[in-house]
Amino acid sequence: QAEPQTDAAGRPDRYDPQAIEQKWFDRWAQNPDLYKSDPSSSTRKKYYVLEMLPYPSGALHMGHVRNYAIGDALARYMWMQGYNVLHPMGWDSFGLPAENAAIANQTPPRDWTLGNIAKMKRQMNRLGFAYDWSKEVTTCLPEYYRWNQWFFLKFYERGLAYRKKSKVNWCPKCATVLANEQVLSSGCCWRHEDTLVEQRELEQWFLRITDYADELVTDLDKLQGWPEKVRTMQRNWIGRSEGALVDFKLDGAAGAAGDKITVFTTRIDTIYGATSLQLAPEHPIVTDLIANNPGLLAKVEDLMTQQRAAKESGDIGAIEKNGFFTECYAVNPFTNEQMPIWVANYILMDYGTGAIMSVPAHDERDYEFAKKYGLDIKVVIYPRREGDAADGDPNEPILPFVEDNSLLMNSGDYSGLPSGEAMTKMAKFAEEQGFGKATVTFRLKDWGISRQRYWGTPIPMIYCPECGIVPVPEKDLPVLLPENVQITLAGGSPLGNVPEFVNVECPKCGGEARRETDTMDTFVDSSWYFYRYTDPTLSDKALDSDTVGYWFPIDQYIGGVEHAILHLIYSRFWTKFMRDIGLVRNDEPVERLFTQGMVIKNGAKMSKSLGNVVSPDDMVARYGADSTRMYTLFGGPPDQDLDWQDAGVEGISRFLSRVYRFVTRNAKPDDPAWKAASNAPLSPAARKMQRKLHQTIKRITEDFSGRWHFNTSIAALMELVNEMYAYEDSQKAHPGKPGLAGAPLESVPLSLVAGAQRRLVLMLAPFAPYLSAELWEMLGETSDLLREGWPQYDPALTKEDEIEYAIQVNGKVRSRIVVAAEAGEEQVRIVALADEKVKAAIEGKEIVKVMVVKGRLVNIVVK
RNA sequence: GCGAAAGUGGCGGAAUUGGCAGACGCACCAGACUUAGGAUCUGGCGGGUAAAACCGUGGGGGUUCGAGUCCCCCCUUUCGCACCA
């Protein structure tokens with residue numbers, strides 16, 4: 001490549017992103033407060049824009065770049081709109097990869113993690129993201145995680161943290177607990193591919209998120225700024241289901257085994273149609289029921305295995321229904337009929353009560369099961385035809401008939417009632433008689449937060465042989481994570497092997513006690529980090545309520561849809577808890593949520609194994625940060641997946657070159673005409689450019705106001721620049737026959753060009769911060785670009801000269817014509833007419849009325 | 001199986017409300033400037049035709065003067081959920 005030439009003013013005539021970006025990178029590095037938000041005492045309107053914080057794996061990937069490019073563009077735009085913007089960044093820095101790296105490289109997790117953070121922070125700065133680094137939060141540091149511990153104590157105080165036995169994945173060869181992602185799809189250990197992972201029961205800590213299940217569902221309706229998709233996913237996940245609990249007394253010999261089986265049903269109205277009970281294989285009463293029948297034990301085991309296999313393959317919906325009769329009976333409290341008790345593989349222990357009443361006539365699954373095993377089928381609901389009398393002859397239903405709001409038959413006193421009414425009355429009756437009640441069940445389970453890991457927040461609890469479970473007193477926080485811990489695969493939690501950590505004085509009695517050696521799930525860290533951003537330096541409290549009150553709720557949260565369920569439900573739960581202990585005043589943390597699409601290549605997710613990873617560093621080195629981040633916005637709408645194409649980045653780079661060249665050539669801030677107002681009449685080309693300018697401002701402003709289709713924003717900028725080139729070309733002696741680099745503008749009002757360039761650079765600022773800073777300076781501006789106001793447009797100048805009209809003949813719109821008219825002009829001239837028949841119909845006729853429709857269309861009425 | 005979103009040139013994608021389909025970019029072609037071009041500028045670029053006509057937004061119907069857009073049926077893809085009682 002030839003050396004860049006310089007123009008008359010000594011400026012390089014070629015866009016050199018590396019030189020420009022280095023210059024501004026160095027300059028910005030001088031000022032750490034560049035993007036600092038004003039304090040919460042500010043009288044300006046606040047805007048809190050947040051991107052999901054990364055796990056410091058060691059390097060940013062393109063998905064990060066896209067996520068942060070979206071947030072950064074928005075933050076910069078809101079700055080220019082005059083808002084007091086909070087735009088922070090931090091590190092979700094506890095977690096398993098640090099331990100794996102520690103084992104692989106013999107580096108302590110802390111060193112590895114902090115080293116990665118330094119690397120990634122450098123990358124972010126190189127990409128020019130405008131973060132307020134004075135608000136940085138690093139979750140693996142005691143200044144942060146001590147508040148995780150403090151929150152845990154608050155949960156414990158209120159009975160919302162409790163211990164119970166729960167299953168974990170256990171590899172017998174590693175002799176340790178495995179995370180779900182360490183279990184292969186074959187059900188084997190990731191390190192020992194021949195070793196089946198076992199399920200072991202361990203005592204674990206849980207947070208009672210189910211106490212908030214109802215509110216978490218109801219408040220979804222408030223989240224109008226969230227994608228409907230995410231709200232639906234959360235609704236499904238929480239799985240609220242209204243129904244009733246009904247006790248069935250055990251009958252005869254089985255009565256000795258216990259006294260009743262409680263079932264959960266959403267269709268208590270069908271209880272007269274129940275013909276058997278079905279139990280989950282894991283239901284505790286099963287062993288009692290078959291105590292006299294040891295041969296059945298193997299069958300139970302069998303059903304359990306089938307169910308587990310189906311669950312693991314993720315295909316439980318397709319499991320072949322199997323079961324067996326326990327030879328015991330229970331009594332239907334409504335009919336007093338004897339009901340055989342079965343065990344079936346399609347009944348789940350962890351939903352409802354693990355027992356159901358089987359109503360084959362009115363449930364597809366029960367129907368299928370009953371058909372297979374020849375169980376009784378009793379119809380109690382008949383569809384009512386349109387026009388049937390309430391007590392008229394109902395129709396024989398096609399089974400299974402699962403609809404409600406139908407006529408209830410063969411149901412004792414309830415016969416003739418519609419389902420809804422029967423449900424209420426039956427539940428009420430059951431409650432009066434003491435064998436049942438209306439209830440609400442959730443699919444959501446309590447949040448198990450214990451992890452048998454080293455690199456996490458120590459759970460601040462102590463086990464004393466005398467006093468039992470004793471919380472660490474608040475004054476003793478933080479419980480520091482010990483350093484120099486040998487991380488191996490053997491044994492349970494690594495902290496258990498650190499005597500200085502484990503052995504502790506009981507805070508109550510002073511006797512010898514043991515610390516909890518489990519650490520917290522990292523979802524705890526990410527459930528409230530965005531509150532800490534408002535003031536991460538506080539050392540005596542987790543957060544300041546007034547500061548939080550100013551900034552919250554988060555105006556815009558941006559991240560991957562993969563966090564739509566867990567992270568966002570935990571965060572909402574945490575917020576509600578914080579509200580209940582008087583820490584914050586908002587019910588929900590996030591006002592608006594945006595889920596961006598993935599960055600893929602050749603139709604597949606970027607991954608090392610596929611070898612289709614595009615490294616942001618490479619792209620920055622080749623094209624510069626501006627082009628790299630701008631392409632992530634230009635390649636497609638941000639909410640859809642982006643198919644990465646290197647040539648696309650090149651296109652953006654070319655566009656920025658065009659901008660650079662135009663501004664370089666035509667910036668003459670020292671020329672008196674530069675800032676002089678001009679009333680010279682505009683040439684058609686100048687008019688066109690001016691119109692395009694105002695249209696572009698309008699379009700981008702509208703894109704920023706919620707649609708966020710930055711791909712079209714950037715396309716609009718390109719159109720504007722193309723128009724500026726066309727304008728420049730029109731000024732030449734021989735238009736269309738340019739020289740090498742186009743001639744500078746001579747014979748036009750310079751101020752028009754100056755204004756257009758100025759606004760172009762302002763609009764470029766959210767997308768390409770480096771280049772816009774460089775050009776801003778070139779235009780002779782000394783102000784801070786971010787504090788400049790966003791450009792305004794003149795609506796009158798956004799209208800096209802060509803306006804479409806439609807023709808109305810005899811009161812009916814018949815066709816569309818295009819007429820040329822200046823905006824506001826009263827006379828119209830027909831330019832083109834699509835339909836020859838219509839043309840003939842109106843030709844020569846007098847136009848009676850011209851009518852504007854939808855601002856664009858005009859109906860013309862002829863005589 | 002249920003639910004949601006989507007299907008437009010060689011490619012990524014425009015068309016916010018029913019109104020010129022294919023903006024913008026990539027790739028490609030031609031020209032200009034060039035010692036040179038992987039730089040730059042100008043023009044072309046859905047199919048079809050000499051040029052028109054004509055045909056074109058997954059397929060089939062419909063509403064409308066007019067449909068990528070609205071309605072009905074079907075196909076395909078992606079995502080989410082799933083014997084949830």
Side-chain angles (χ1 to χ4, degrees), chain A residues 1-2 4 13-14 227-230 232-233 235-237 239-241 243 263-267 270 278 280 307 310 314-321 344-348 350-359 363-366 368-369 441-443 561 564-565 597 631 634-637 639-652 654-655 657-658 661 699 702-703 706-707 709 711-719 721-722 725-726 728-729 735-742 802 804-809 812-816 818 832 834-835 837-838 853-857:
Chain A
Q1 265 197 2
D13 69 348
R14 178 171 298 157
E228 188 53 47
K229 180 181 162 183
V230 172
T232 305
M233 281 162 73
R235 206 170 280 122
N236 289 340
W237 186 259
R240 186 179 194 276
S241 175
V263 308
F264 174 70
T265 177
T266 53
R267 293 295 304 273
T270 64
Q278 307 284 344
Q307 193 177 83
D315 210 16
I316 192 153
I319 192 175
E320 151 119 38
K321 287 180 185 54
N345 64 351
Y346 70 96
I347 309 300
L348 306 169
D350 51 13
Y351 184 78
T353 60
I356 64 152
M357 61 178 200
S358 174
V359 186
D363 183 283
E364 285 176 24
R365 298 152 299 178
D366 295 346
E368 190 187 331
F369 193 82
T441 299
F442 295 93
R443 181 187 176 275
V561 74
I565 297 183
Y631 175 67
F634 178 66
D639 53 348
Q640 285 171 34
D641 286 353
L642 167 69
D643 199 342
W644 186 273
Q645 296 182 2
D646 284 1
V649 194
E650 203 144 342
I652 289 287
R654 211 170 290 165
F655 162 65
S657 300
R658 276 166 75 77
R661 273 193 305 274
R699 221 164 127 186
E702 282 169 1
D703 269 347
R707 215 169 74 110
H709 282 199
N711 52 332
T712 58
S713 297
I714 294 168
L717 283 174
M718 290 172 168
E719 285 182 58
V721 172
N722 290 347
Y725 268 70
E728 195 185 47
D729 199 38
K737 297 278 177 194
L740 248 178
E802 298 260 308
E804 275 176 33
Y805 291 84
I807 298 170
Q808 191 175 329
V809 181
K812 208 174 174 194
V813 178
R814 288 297 303 277
S815 187
R816 178 180 51 75
V818 179
D835 188 332
K837 276 184 219 156
V838 176
V853 179
K854 293 179 185 177
R856 220 180 155 208
L857 287 174

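Keep in mind that what you see is a predicted model, and the values were worked out from it rather than measured. Here is how names work: the chains are called A, B, and so on, in the same order as the sequence lines, proteins then strands, and each is numbered from 1.
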[X] has an atom [atom1]; how far is it from atom [atom2] of [N], in whole Å?
X	N	atom1	atom2	answer
A:I714	B:G12	CD1	C1'	13 Å
A:L717	B:A23	CG	C1'	14 Å
A:D639	B:G13	CG	C1'	13 Å
A:E719	B:G25	CD	P	8 Å
A:D646	B:C26	CG	C1'	12 Å
A:R267	B:C84	CZ	P	14 Å
A:M718	B:G25	CE	C1'	6 Å
A:M233	B:A4	CE	P	15 Å

When you compare [N] with [M], how far apart are their [atom1] atoms, in angstrom units rounded to a whole number?
N	M	atom1	value
B:A52	B:G48	C1'	11 Å
B:A53	B:G47	P	15 Å
B:C71	B:G7	P	15 Å
B:C73	B:A23	P	34 Å
B:C72	B:U77	P	23 Å
B:A50	B:U34	C1'	35 Å
B:C70	B:U17	C1'	12 Å
B:C41	B:A4	C1'	48 Å

Parallel, tilted or perpendicular, judged at 30° and 60°: which one describes the rings of A:Y631 and A:W644? perpendicular
Should the heavy atoms of other residues, nucleotides or ligands under 6.0 Å from CD of A:E364 be counted, would the total exceed 12?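 Counting other residues, nucleotides and ligands, CD of A:E364 stays at 12 neighbours or fewer.
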What's the closest nucleotide to the side chain of [X] if the choices are [options]?
X	options	result
A:R699	B:A23, B:U42, B:A85	B:A23
A:E702	B:G12, B:A14, B:U16	B:U16
A:P637	B:G13, B:C84, B:A23	B:G13
A:F264	B:A85, B:A39, B:U42	B:A85
A:I565	B:G25, B:C41, B:C81	B:C81
A:I356	B:G25, B:A85, B:C84	B:A85

For [X], which contact category applies under a 4.0 Å heavy-atom criterion: base, sugar-phosphate, or nothing?
X	result
A:F655	nothing
A:E364	nothing
A:L642	nothing
A:G239	nothing
A:R240	nothing
A:D350	nothing
A:D363	nothing
A:S241	sugar-phosphate

Just by distance, do the side chain of A:D363 and the backbone of A:S358 share a donor-acceptor pair under 3.5 Å?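 No, because the side chain of A:D363 does not come within donor-acceptor range (under 3.5 Å) of the backbone of A:S358.
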Would you say the side-chain atoms of A:Q307 pair up with the backbone N or O of A:N345, donor to acceptor, closer than 3.5 Å? yes
For the pair A:M718 and A:I652, evaluate side chain to side chain contact (heavy atoms under 4.5 Å, CB included) and give the outcome as yes or no after the intermediate values. CA-CA 9 Å; A:M718 290 172 168; A:I652 289 287; 3.8 Å; yes
Is A:S657 close to A:R661 at the side-chain level, that is, under 4.5 Å between some pair of heavy atoms? yes
Complementary nucleotide for [N] - Watson-Crick or wobble, under 3.5 Å:
N	answer
B:U63	none
B:A30	B:U42
B:A36	none
B:A50	none
B:C2	B:G80
B:G7	B:C75

Quick one: is [X] getting a side-chain N or O under 4.0 Å of the [N] phosphate, OP1 or OP2?
X	N	value
A:R443	B:C81	no
A:R661	B:C41	yes
A:N711	B:A14	yes
A:N722	B:G25	yes
A:R707	B:A15	yes
A:R654	B:C24	no

Carboxylate-amine/guanidinium contact A:R699 A:E719, below 4.0 Å: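 Between A:E719 and A:R699 there is a salt bridge, with a charged N closer than 4.0 Å to a carboxylate O.
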Do A:R658 and A:N722 have a side chain donor and acceptor closer than 3.5 Å?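 Checked: A:R658/A:N722 side chains pair up, N/O donor to acceptor below 3.5 Å.
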A:V561 or A:T232, whichever maps to the more 5' nucleotide of RNA chain B: A:T232
Along RNA chain B (nearest heavy atom to each residue), the more 5'-positioned of A:K229 and A:T265: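 Checking each residue's closest nucleotide, the 5'-ward one belongs to A:K229.
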Please step through side chain to side chain contact (heavy atoms under 4.5 Å, CB included) for the pair A:L717 and A:F634, ending with a clear verdict. CA-CA 11 Å; A:L717 283 174; A:F634 178 66; over 6 Å; no
Anti or syn, where syn is a glycosidic angle within 90° of 0; which label fits B:G9? syn
